[in-house]
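Everything on this sheet refers to the single structure shown next.
When a ligand or atom number is given, it counts from 1 through the structure's own listing order.
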Amino acid sequence: MTDLLHLTLAEAAHGLRSKTFTSVELTGAYLDAAAKARALNAFVLETPEKALAMAAASDGRLAKGEGGPLEGVPLGIKDLFCTEGVRTTACSRILGNFVPPYESTVTSQLWRDGAVMLGKLNNDEFAMGSSNETSCFGPVVSPWRRAGSNVHAAGSGGAIAGTHLVPGGSSGGSAAAVAARLCLGATATDTGGSIRQPAAFTGTVGIKPTYGRCSRWGIVAFASSLDQAGPIARNVEDCAILLRSMAGHDPKDTTSADLPVPDFAAAIRRGVRGLTIGIPKEYRIAGMPGEIEALWEQGSAWLREAGATVVDISLPHTKYALPAYYIVAPAEASSNLARYDGVRYGLRVPGSDIAAMYEKTRAEGFGREVQRRIMIGTYVLSAGYYDAYYVRAQKIRTLIKQDFEQAYARGVDAILTPATPSAAFGIGQKGSDDPVEMYLNDVFTVTVNMAGLPGIAVPAGYDGEGLPLGLQLIGRPFDEETLFAAGQVIEDAAGRVTLPRTWWSS
Ligand code: GLN
């Protein structure tokens, strides 16, 4: 019997088409795995009935030799994507039991291509965070543990703080579910690193495509000029397959690009011979752990051995990216989140008059981090501070974009950096007194969103305690293909990720 949980998405799609197993069998195996893994808290809603109905329909199409490229393949969906008739909360109390009457464009394209929905995945509230600890459903526990760490089996409780690790965020449920083999792939979103950082923390592959590559329609908005959807999957090829279905022009999103969607999976064997890979000196930040530095060196050696030319480059405005991001993103968030007023969606807390109702609803409905972002956002957009903060941050954003444009104009095809400044940390370990400690997770990823570029995180090694570490490749606008090609070179050189032991299975 095929081990259905350890196939890649590409292998599973092939097994379905060649009738080695059915989608009902495959989907059943994943539903079981998810039900046994509740200790990870990766799913906030399991939809077994819907999954099995979709799987049966897929089997019907497969039997007739019909069906799309993802026919019968079970996926997890980040709870930021609106799913028609299925509760969607962005992991915020304020959305309560919101059941969207529409389907996001990205998910509807996955269903069009035959994919099966297993359920909705946990994330940081409104995708604000880097550890999945701000979710109203509680933190996701990473399937990874430090070598030799003494975490008790699922259900023993009490051992969460300190021993259990975060999966990263905000797409923590997506990354944990893929790493723990609870789904074949997952949707995710990335505003400042929320696909790439959790992928790096969990030994999975995640790509944030170019801004405009995927439609944002039907995705709960955080910061609209930065938000992009993308996949998290087990390997580079699976990410390429998923992105092809997720991407494409959508007249309902005016920022979506009217460009053909390439066959990304066809690009993975292109190699890097003849390409120029830039190493930006500004990413060698003070206090960078030796193992991250060594990983980065190793990555450039692998690309050089595969035929790329590796050159040093400068992206001089890098150090302003994080502070500018934490002005632009909250500004847009404060505006986007104004719609949660207790009238139109989800939670309503009654008050003596309408203003009191707004205040009470928003005070109870939003968590602390979201409230902080709304306060920062409203402040930087206020008449007195708009020019001093918001306008300056936008100017910095332009300078960051120009840094990349200059590197690409000089012939650089892609840029290699570490994905994160460290491996995964413990639940409760960071940011409780100082939010900036948490924000620093995004130093290598936010520049990419600020410039609207594509970026991929690929597992490349382990830290001293056996935790996965990732490298990031940043590409030219709409050149995800080069990222898949170079990402595949790193994946091949690094070897298959050893899986975390299934300590969580109940
Ligand atoms: N960690 C970053 C933040 O909190 C990015 C989150 C994201 O990409 N959605 O804003």
Self-check item: Geometric class of the H317/Y320 ring pair [parallel <30°, tilted 30-60°, perpendicular >60°]
Solution: tilted
Quiz item: Is the Lys NZ or Arg CZ of R284 less than 6.0 Å from the centre of W296's six-membered ring, within 45° of the axis?
Solution: yes
Quiz item: Does a side chain donor of either K78 or S174 reach within less than 3.5 Å of an acceptor in the other side chain?
Solution: no
Exercise. State, yes or no, whether a side-chain contact exists between T187 and L242 at a heavy-atom distance under 4.5 Å.
Key: no
Self-check item: ring pair (Phe, Tyr, Trp, His ring centres under 6.0 Å) pairs, two or more places apart, involving residues 438-486
Solution: F264-F484, Y283-F444, Y326-Y439
Exercise. Let me know which protein residues bring a heavy atom to under 4.0 Å of ligand 1; chain then number is fine for ordering.
Key: A127, M128, G129, S130, S170, D190, T191, G192, G193, S194, F222, Y325, Y326, R373, D442
Self-check item: Check: W217 ring centre within less than 6.0 Å of Y102 ring centre
Solution: yes
